[in-house]
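Scroll down for the structure; my scribbles are underneath it.
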Amino acid sequence: MQTCKLFTIDLTKIKGKGDFGCPKCGARISPDDETEKTYKILEAVMKHDELDGITLQCNRCDCQIHLTGFRSLNTQ
Ligand SMILES: [Zn+2]
């Protein structure tokens with residue numbers, strides 16, 4: 001399978017509740033979706049007891065996507 005480069009998505013630049021489409025295949029990915037049907041979480045980065053970032057992998061195209069901007073999201 002073709003490998004995919006790592007995408008970075010800043011949640012503060014996304015409208016709505018943090019849902020976004022996979023940059024490669026367009027699969028709908030929601031951080032609130034815990035079923036892991038669309039994606040699986042590879043790594044969660046914590047800073048000062050707060051979620052700082054998540055690296056996840058799209059199940060449809062195997063792209064790795066790094067999410068940032070969680071703290072700004074929580075303060076809204
Ligand atoms: Zn994808």
Side-chain angles (χ1 to χ4, degrees):
M1 180 174 289
Q2 194 177 15
T3 53
C4 181
K5 71 169 185 173
L6 181 69
F7 291 98
T8 300
I9 291 185
D10 188 343
L11 290 177
T12 61
K13 294 174 180 166
I14 296 173
K15 293 177 181 174
K17 288 189 170 182
D19 294 26
F20 60 92
C22 171
K24 189 178 183 190
C25 74
R28 200 74 189 152
I29 294 174
S30 165
D32 294 328
D33 180 9
E34 293 175 352
T35 63
E36 299 204 337
K37 277 183 184 173
T38 316
Y39 67 90
K40 62 186 171 198
I41 293 175
L42 300 179
E43 185 180 19
V45 181
M46 303 293 290
K47 265 186 195 171
H48 308 296
D49 292 332
E50 285 186 83
L51 192 60
D52 189 64
I54 285 180
T55 303
L56 55 84
Q57 184 171 31
C58 174
N59 281 342
R60 195 192 285 183
C61 69
D62 283 338
C63 261
Q64 289 187 10
I65 305 162
H66 185 66
L67 296 181
T68 62
F70 281 94
R71 273 185 286 180
S72 327
L73 204 70
N74 290 338
T75 53
Q76 280 177 358

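Everything quoted here is computed from the prediction, not taken from an experiment.
The shortest side-chain heavy-atom distance between Lys24 and Phe7 falls under the 4.5 Å cut-off. No side-chain heavy atom of Arg60 sits less than 4.5 Å from a side-chain heavy atom of Thr38.
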Exercise. Test side chain to side chain contact (heavy atoms under 4.5 Å, CB included) on Leu51 and Met46 and set out the steps.
Key: CA-CA 5 Å; Leu51 192 60; Met46 303 293 290; 3.7 Å; yes
Exercise. Would you sort out whether Phe20 and Ile65 count as a side chain to side chain contact (heavy atoms under 4.5 Å, CB included), showing the intermediate values?
Key: CA-CA 11 Å; Phe20 60 92; Ile65 305 162; 4.2 Å; yes
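Note that the CD atom of Glu36 and the CG atom of Leu56 stand 9.5 Å from one another [nearest 0.5 Å]. Atoms CZ and OG1, from Phe70 and Thr12 in turn, are 11.0 Å apart once rounded to the nearest 0.5 Å.
Not counting sequence neighbours, the partners of Thr55 by the side-chain hydrogen bond (donor to acceptor under 3.5 Å, both in side chains) test are His66. The side-chain hydrogen bond (donor to acceptor under 3.5 Å, both in side chains) search around Asn59 returns none, not counting sequence neighbours. Remark: Ser30 engages Asp19 in a side-chain hydrogen bond (donor to acceptor under 3.5 Å, both in side chains) (not counting sequence neighbours).
For the pair Ile29 and Cys22, the tightest heavy-atom approach, listed with the atom from each and the gap, is CD1-CB, 4.1 Å.
When the side chains of ILVMFWY residues are joined at heavy-atom separations under 4.5 Å, either directly or via intervening members, Leu67 and Ile41 end up in a single hydrophobic cluster.
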